[in-house]
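Below is one structure, written out as structure tokens; the observations come after it.
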Number of protein chains: 2
Amino acid sequence: MAAPRPTIKDVAALAGVSKSLVSLAMRDSGRVSPESLTAIRAAADELGYRPNAAARSLADRRSNTIGVLVQDLHNPISAEIIDGVQRQVRASGYHTMLVTGSEDAELEQSEIEKLLEFQVEGLVIIGHRMPAGARAAIKGYCPTVIISRAESDIAGLDSISNDDNAGGRMAVDHLYSLGHRAIAHITGGDNEVALMRKSGYESAMTGYGLAAQLASYEGAFTDEGGYRGTCAALDSKMGHSAIFVANDLAAVGALAAAADRGLKVPDELSIIGYDGMALGGLRSIGLTTIAQPLATMGLDAAALLFLRIKDPTRPPVHIGLEPRLVIRNSTGVYHG
Amino acid sequence: MAAPRPTIKDVAALAGVSKSLVSLAMRDSGRVSPESLTAIRAAADELGYRPNAAARSLADRRSNTIGVLVQDLHNPISAEIIDGVQRQVRASGYHTMLVTGSEDAELEQSEIEKLLEFQVEGLVIIGHRMPAGARAAIKGYCPTVIISRAESDIAGLDSISNDDNAGGRMAVDHLYSLGHRAIAHITGGDNEVALMRKSGYESAMTGYGLAAQLASYEGAFTDEGGYRGTCAALDSKMGHSAIFVANDLAAVGALAAAADRGLKVPDELSIIGYDGMALGGLRSIGLTTIAQPLATMGLDAAALLFLRIKDPTRPPVHIGLEPRLVIRNSTGVYHG
DNA sequence: ACGCTGCGTTGGACCGTTCCAATACCCGTT
DNA sequence: AACGGGTATTGGAACGGTCCAACGCAGCGT
């Protein structure tokens, strides 16, 4: 072992040509004679030659790589968005380098640093938080698209999201139309996305003249958070007959809380989530939800990114996609 | 814009020192005078200097990066394993580059190629399939650990997995002890892992003298596969009272199938999965399962990888971890 | 005064590519 | 036979870092 990896020179020597020609041949750049080509191919195969991406990107001054930061890999919707991003990125002949963020902002920051050191040509951030400090680091250096937040106000950052405010209202509309009035909300924390959904809830409730029924309980974008928040809601004396949970993962936690209390869903308690994760669609869960077009968001985000790469001066845009109500088995009519 | 990123030379010029010194300073390699150090720091900050990873890895002849190939990002257990891998990799001062595989073997292969071109110093493969051809490509070049399969027979490849055969037997043991006899199995396809679980099922059944009751239905490691397989099982005339599904994701599909038929779980049908994904633990799902120590597997895999990196000649090992029965609400005693 | 030591610093070679200008070659024209 | 033009090929200069041998300069002992 310890055999140093063969370089372009080794291939050249073996094939009896210059390294320049090998370089040309490896990228099948037209004008290489058939004989040289086959000789070089053979030599490369024999040595198991694999071009060194570091050297190439150094010489090229481009990495051909897009960095993707996923803030919450545990949320199944991440995978669905990533799928979309990757499809588009690949279609454009680029590669994808994925790193994961986490609760730890500092760590997240350092992951982004790493991507930038790798000279990624673009950055896709999937998540509802904006890594502190990252904005400054990114700004001006690296085309960036952020998925799931509306950030068009920040110069130089494109963004794509659904209209969380409208979605929040849709959730209330649905429950209201089923006859529910005492509708609680379990929040998703204090990030912008959660706040938008909450404000959608509030404005819809107020619009229906239910300001007195407003009741938000603190939760989080995790099943655990949904469980906690729902327990708090059920412990209250408000007699909630329906709950709008900030996202699907938390809604599954809410289902668990209901089950623990022996409440039948949807007969005794209606629950609606947000996101449209595939898992929620399984009949054993059957979660009614406000669905985002996840794969589409990923696809569009990548497309947007390439537009910006092509023309870095274009004004930043925000693409807003419509959420969509998906009715399944966790919501039902109110029987007082 | 279009401002080319500042290089080490720019920093050197601004700080009035040589680039060598800047290089030293950036890696705080001891012997730089405090004055120079602060001057360099200031210059770097002002310019927003960020070292170029490509150049560095070229000069170093090491990338400080571990590549991770995730075959099925949609399976929630992937995220849990990745967590473990990342923790360990970070603790060792390395970075992680994640790529996703897919059904498309060719694409998967090319993702691996990409990682190798990036000169990753090690490779972790998470998944039950071995990308065709990848083995040869990897062999001899790059220390590799494969998670979730037993591959110790392949020279140079370390592996880590749980004992799928034993796990399969445990599933049957559990169901048998509850009084079930007509126990069906929904397979996870024809990959090695699924086959091991199946063979565990078969040997346990045979051991209990239930060879006549053996019944495997074709499924897959997806919720869809579990749904399909379970439908087939329920359509048969074998009167299955319990089903052992090849993994949790598929088991959730099985729950859905049962629900669709109006079968109450666990009263009329017991279902046990395999993997121990966190989502299965939610009370609204409450899936009994054979749990693998997922995070531990990730951690150990990375640890193993570093051992091999340190000593490439050590004989390949296979670490087998014990699966563990986790009883929840999807299995219950048989009432004939 | 002189060399020695050791610290802080420096220039230049090198890593494996790509790119460019320059060259070698072959062939058809005149 | 000399010439022009195109095509295949080549050497060498980048790219942005790291490393190493060498250097200047204090302060020290003799």
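Predicted, not measured: the structure shown is a model, and the values here were computed from it. Computed from heavy atoms alone, side chains included, the values below leave out hydrogens, waters and symmetry copies. In what follows, chains carry the letters A, B, and so on, assigned in the order in which the sequence lines appear, proteins first and then strands, with residues in each chain numbered from 1.
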Tell me the interatomic distance from A:Leu37, atom CG, to D:dT7, atom P, rounded to whole angstroms. 17 Å
Counting any heavy atom closer than 4.0 Å, what does B:Ser57 reach on the DNA or RNA strands: base, sugar-phosphate only, or nothing? nothing
At their closest point, which heavy atom of A:Val22 faces which heavy atom of A:Val17, and how far apart are they? CG2-CG2, 3.8 Å
Report the residues that fulfil salt bridge (charged side-chain N to carboxylate O under 4.0 Å, His left out) with B:Glu80, sequence neighbours left out, ordered by chain and then residue number. none
So, does A:Ser33 get its side chain near the phosphate of D:dT9, meaning an N or O under 4.0 Å from OP1 or OP2? yes
Test: B:Glu117 and B:Lys114 ion pair at under 4.0 Å: yes
What string of B, S and - do you get for nucleotides 11-18 of chain D, 5' to 3', when a contact is any protein heavy atom under 4.0 Å? BBB-BBBB
Contact summary for B:Phe118 and B:Ser63, nearest pair of heavy atoms: O-CB, 3.7 Å
Has A:Thr65 got a side-chain atom pairing as donor or acceptor with A:His95's backbone, closer than 3.5 angstrom? no
